[in-house]
Peer 1: 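Pasting a structure here, questions to come.
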Amino acid sequence: MDLRLYDTLTREKRVFTPIDPARVRMYVCGPTVYDYAHIGNARPVIVFDVLFRLLRHLYGAEHVTYVRNITDVDDKINARATEEYPSLPLNEAIREVTNKTDKQFHDDVAALGCLPPTVEPRATEHIEEMKTLIERLMKSGNAYVAEEHVLFSVPSMKDYGKLSNRPLDEMIAGARVDVAAYKRNEMDFVLWKPSKRGEPAWPSPSGIKTQGRPGWHIECSAMSWKHLGETFDIHGGGIDLVFPHHENEIAQSRCAFHTSVMANYWMHNGFLQVEGEKMSKSLGNFVTIQDVLATPMSSLVPIANDEGPTPIFAGWKERWNGLCARFAMLQTKYSEPIDWTTRRFNEAGDELYRFYEVLRDAYYDTSLTREVPDNLLAALRDDLNTPAAITTLRATAKSQDVSALGAGLSLLGLLDDEFVRRDDLLLFNHALSLTAEQEAMVNARNAARVRKDWKESDRIRDELAAMGICLRDNSDGTTTPESAR
RNA sequence: GGCCACGUGGCGGAGUGGUUACGCACCGGUCUGCAAAACCGGGUACGCCGGUUCAAUUCCGGCCGUGGCCUCCA
């Protein structure tokens, strides 16, 4: 059976045919490292991780190359560096900001259950490739120098605007931004610009004397070229990147290499809102991945608090919350808008918890290789329909088909060996250690039950319930105390 | 203003030109002294107005609503 993917460029779902099945190539726009990643940043990371896993499953892990860049040169980074480290020289301050943010991002993404991409190139390590591209564009007449900038000449590319469906003439009519005077055409965009004193700077291309730095779009053209070649299979990112970022990437790469396409499939994940509103710092509803990972356990699982007497491995809470967030995210198809709410997060966590209970009750062995169920695979092959895939998981859980359940969770990146296997996790430990007094109450209630004093029996049960202890009367006459939710 | 998405039962969320996906919540039942848990069952939804069709939630047109892009943004 085929893999079918929706392509933003052709606006249709097509059968995926890799250029070279022995080397399937995907590029996804990664973060600009200047601040904590938010829950909206998490979406493409998770979505394309699932695609990465699916491609590895279909073509073999060693036949898939996934490139996700790190943007570490950018005005926002400079601004943040000045703000946070006013006493340091700018370039040192920038290094502090990018290193710190980069590490945080990787910790966040790992907690979300994402595999590391094959390559994570950094923009600042590809300045030479960017300059080579710029020289090529100069040579082919697609770029020009003006006031120490190099600009891409949009009218020089006849079919510019196909991805975002913005014909050139319309865009010019609709443009209402202040246009720099040195631009020949208001749509032209910067490939290279001069650096101000103290800013990161490199020797400029195209005979420009002053040192400068790259424009935003050129880095992705350079890095995808370096690591994937002139044309490749899949290019992904958030829907907001369609214009201008991806449109401009296409323009740069195609004109530099004289190719008809940059990537064969353009995939874009839908936007995310928080509690029904646009997420923004001014509204105060900015949810970072860190916020989600730090969610107290008591709202997700039947335990009273985060700390317990049993030994727990480091970062277990973040990892569990990360899986829950991932699961919550995959409940909606990647291309659809999503409303991120605490309710959604909690409900996803509840369901994932039940899946894990099924596996744990069956002593699921994660070391064994399992066959991924056909119906789950079919759902994913249909343009990454993760909600439909999750639906198949529910049936396997209900029928106690633990092999299929485990295999499915694994393919979706939702299976964590330690959460399945370990028996010392408070997270899955329902048994309660009662105080002597509580123990006596349980005994007193049982005595009352024996003499059929239901009134007294229920009174004691209510009293214990108020302490957060729920009693379960078993059919063999014993009583099990459990933590109440 | 231009371009583009989305609008499904209380909530979440797939999907389809004609056989009431699925999950949560809710209600009923079995079990239980009563509960809890578990299991079984129940509720025929697709923004509005037209059109096409034997038949539309599904196709077409218009309208309304929400959101995105056009400036940094996943």
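Note that these values count all heavy atoms, side chains included, but never hydrogens, waters or copies made by symmetry. Labels below follow one simple rule: chain letters A, B, ... track the order of the sequence lines, proteins then strands, and each chain is numbered from 1.
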Peer 1: In whole Å, I'd like the distance from the NE2 atom of His245(A) to the P atom of U71(B).
Peer 2: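 One finds 15 Å between P of U71(B) and NE2 of His245(A), rounded.
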Peer 1: Just to confirm, is there a sub-4.0 Å distance from OP1 or OP2 of A14(B) to any side-chain nitrogen or oxygen of Asn385(A)?
Peer 2: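 False: Asn385(A) side-chain N/O out of range (4.0 Å or more) of A14(B) OP1/OP2.
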Peer 1: C73(B) phosphate, OP1 or OP2: any side-chain N/O from Trp216(A) under 4.0 angstrom?
Peer 2: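 It does, given that an N or O in the side chain of Trp216(A) lies less than 4.0 Å from OP1 or OP2 of C73(B).
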Peer 1: Taking CD from Gln273(A) and P from A74(B), how many angstroms apart are they, rounded to a whole number?
Peer 2: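 Whole-Å distance recorded here is 17 Å.
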Peer 1: Which label fits Phe52(A) and Tyr66(A): parallel for a plane angle under 30°, tilted from 30 to 60°, or perpendicular past 60°?
Peer 2: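 Ring orientation, 0 to 90° scale: tilted.
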Peer 1: Roughly how far apart, to the nearest Å, are A14(B) and A35(B) at atom C1'?
Peer 2: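 A14(B) and A35(B) have their C1' atoms separated by 36 Å.
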Peer 1: Taking G28(B) as the reference, what is the distance to G13(B) when you measure between their C1' atoms (whole Å, please)?
Peer 2: 25 Å
Peer 1: At less than 3.5 Å, do the side-chain atoms of Asn41(A) and the base atoms of C73(B) form a donor-acceptor pair?
Peer 2: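 Checked by distance alone, the answer is no.
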Peer 1: Classify the ring geometry of Trp320(A) against Phe419(A): parallel below 30°, tilted from 30° to 60°, perpendicular beyond 60°.
Peer 2: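 Plane angle over 60°, so perpendicular.
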Peer 1: Rounding to an integer number of angstrom, what distance separates G42(B) and C49(B) when you compare their P atoms?
Peer 2: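 Here G42(B) and C49(B) have their P atoms 31 Å from each other.
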Peer 1: For G13(B) and Thr332(A) - does any side-chain N or O of the residue sit under 4.0 Å from the phosphate oxygens OP1/OP2?
Peer 2: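 True: Thr332(A) side-chain N/O within range (under 4.0 Å) of G13(B) OP1/OP2.
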Peer 1: Can you tell me, in whole Å, how much space there is between the C1' of C11(B) and that of A25(B)?
Peer 2: 7 Å
Peer 1: Roughly how many Å apart are C27(B) and G10(B), using the C1' atom of each and rounding to a whole number?
Peer 2: 13 Å
Peer 1: Anything under 30° is parallel, anything over 60° is perpendicular, the rest tilted; go ahead and classify Trp266(A) against His246(A).
Peer 2: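 Tilted.
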Peer 1: Let me know which of Gln252(A), Glu249(A), Glu247(A), His245(A) forms a side-chain hydrogen bond (donor to acceptor under 3.5 Å, both in side chains) with His217(A).
Peer 2: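 Of the listed options, the one satisfying the test is His245(A).
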Peer 1: Report yes if at least one side-chain N or O of Lys278(A) is closer than 4.0 Å to OP1 or OP2 of G68(B); otherwise report no.
Peer 2: yes
Peer 1: Examine C4(B): is either OP1 or OP2 under 4.0 Å from a nitrogen or oxygen in the side chain of Arg166(A)? Give yes or no.
Peer 2: no
Peer 1: Using heavy atoms to find the nearest nucleotide of RNA chain B for Arg445(A) and Gln331(A) separately, return the residue whose nucleotide is more 5′.
Peer 2: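 Its nucleotide being nearer the 5' end, the pick is Gln331(A).
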Peer 1: Just the rounded figure in Å: distance from P of C69(B) to CZ of Phe271(A).
Peer 2: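 After rounding, the gap between these two atoms is 5 Å.
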Peer 1: Please measure how far the C1' atom in G9(B) lies from the corresponding atom in C4(B), and state the result in whole Å.
Peer 2: 29 Å
Peer 1: What is the separation between atom NE2 on His268(A) and atom P on G68(B), rounded to the nearest whole Å?
Peer 2: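 Whole-Å distance recorded here is 17 Å.
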Peer 1: Using the P atom as the reference point in each nucleotide, state the distance between G17(B) and C60(B) in Å, no decimals.
Peer 2: 12 Å
Peer 1: Mind checking the P distance from G51(B) to A21(B)? Whole angstroms is fine.
Peer 2: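 Here G51(B) and A21(B) have their P atoms 28 Å from each other.
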Peer 1: I want to check one thing: is the phosphate of U32(B), taken as OP1 and OP2, less than 4.0 Å away from some side-chain N or O of Arg449(A)?
Peer 2: no
